[in-house]
Amino acid sequence: MHTRPPAKPVVLVTGSSRGLGRAIAAAFGSHGYRVAANYRMDTVGALETAQTIEILGGEAFAQQADVRDAKAVHAMVSTIMDRWGRLDVLVCNAGVTADDLVVRLSEESWNSVLGTILTGTFHCLQAAGTVMQQQGRGAVVLIGSLAGIQGRPGQAPYAAAKAGMLGLMHTVAREWGRYGLRINTVLPGWHATVLTHYQEDSTPPPFAPVLDTGTTMEAVAQFVWALANMPDVSGQVFSLDSRILPL
């Protein structure tokens, strides 16, 4: 008698058309996950992400949705369920920034950053959480930032959004624990990407890294995959660089 092999797990990675999001999507794909590679505008980049995963032997598709739009997010999760019938992991990575001093910052810039990072995470948690609670399984990893803990001059909306993610994560961890669902946050450290305009980290002492090198995007991606598969960890924050903050 032949038995069907177990269905491969499914992950949704938001903002995965480039940079850290692409690296995370590829890491899950290399470990046998089927990957929904979300993007907002960069269709070509998202298709390249999906192609990268397929080259690694995985299965993936690019899914457009603006995480600021609740209806679009719910439709995206519905598409994943129609296609694969399950959603095991959500990685909230989508982000934008609009750097300026608070007194000069436009309300449009504030709303764009908060809407993408914080409200977008809320929308994804609502849509994915409903499915995961029904399944009785699931894990979420939020991509945070030390800016949400220590602040950074000229990045008020980004820092506020990332700080809000921490409070949201701790609350959701308490609400979802009885369902066996897990949620954690990773602070990936500084990377020269489109989001950081390919600049080097300019963090001044005493919060500068104590090591000469930072964590690579590939190493961060592998950690995110490993964290999503730790069955007894939830409500935690993991910093993946060498900046030391005061107690």
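Just so we're clear, the structure is a prediction, and the values are computed from it rather than from any experiment. Values reported hereafter were calculated over all heavy atoms of this structure, with side chains retained and with hydrogens, waters and symmetry mates removed.
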Residue pairs fulfilling salt bridge (charged side-chain N to carboxylate O under 4.0 Å, His left out) with at least one residue in residues 66-81, sequence neighbours excluded: D66-R68

Looking at every non-hydrogen atom in both residues, tell me the closest pair between [X] and [Y] and how far apart they are.
X    : Y    : result
L90  : A128 : CD2-CB, 3.9 Å
A173 : G235 : CB-CA, 3.7 Å
S30  : Q222 : OG-NE2, 4.2 Å
C124 : C92  : CB-SG, 3.9 Å
G148 : A163 : O-CB, 3.2 Å
G29  : I53  : CA-CG2, 3.8 Å

Compare all side-chain heavy atoms of [X] with those of [Y] and state whether any distance is below 4.5 angstrom.
X    : Y    : answer
I183 : H170 : no
R152 : L146 : no
I143 : I24  : yes
F28  : V10  : no
T130 : V77  : no
W176 : Q133 : yes
L125 : V172 : yes
Q63  : I80  : no

Point-to-point distance, once rounded to the nearest 0.5 Å, from [atom1] of [X] to [atom2] of [Y]:
X    : Y    : atom1 : atom2 : result
R104 : D99  : CZ    : CG    : 11.5 Å
L12  : N93  : CG    : CG    : 10.5 Å
M217 : R22  : CE    : CZ    : 9.5 Å
M169 : T185 : CE    : OG1   : 3.5 Å
R137 : R182 : CZ    : CZ    : 11.5 Å
L142 : L168 : CG    : CG    : 7.0 Å

Enclosure of R174 CZ (heavy-atom neighbours >12, cutoff 6.0 Å): no

CD (Q126) with more than 12 external heavy atoms under 6.0 Å: yes

Determine whether a donor-acceptor pair (N or O, by modelled atom type, separation under 3.5 Å) exists between the side chain of [X] and the backbone of [Y].
X    : Y    : result
H123 : V73  : no
S109 : L105 : no
T14  : A94  : yes
T116 : V113 : no
N184 : V233 : yes
E59  : R34  : no
D241 : T215 : no
K162 : G151 : no
Q236 : S234 : yes
T121 : I117 : yes

Under the side-chain contact (heavy atoms from CB on, under 4.5 Å) test, residues paired with A46 that sit two or more places apart: S17, Y39, A62

Whether W225 and H31 hold their rings parallel, tilted or perpendicular, with breakpoints at 30° and 60°: parallel

Stepwise side-chain contact (heavy atoms from CB on, under 4.5 Å) check, Y33 with K8: CA-CA 6 Å; Y33 274 74; K8 293 181 179 179; over 6 Å; no

V89 vs V140, side-chain contact (heavy atoms from CB on, under 4.5 Å): CA-CA, chis, key distance, verdict: CA-CA 6 Å; V89 179; V140 178; over 6 Å; no

Lys/Arg N to Asp/Glu carboxylate O, R86 vs D88, below 4.0 Å: yes

Lys/Arg N to Asp/Glu carboxylate O, R18 vs E48, below 4.0 Å: no

Pair V67-T119, side-chain contact (heavy atoms from CB on, under 4.5 Å): steps then yes or no: CA-CA 8 Å; V67 296; T119 305; over 6 Å; no

Pair W84 + F61: ring centers closer than 6.0 Å: yes

Single-linkage hydrophobic cluster, 4.5 Å side-chain cutoff, L47 and V13 together: no

M41-V96 co-clustered via ILVMFWY side chain contacts under 4.5 Å: no

side-chain contact (heavy atoms from CB on, under 4.5 Å) evaluation trace for V91 with V224: CA-CA 8 Å; V91 180; V224 171; 4.1 Å; yes

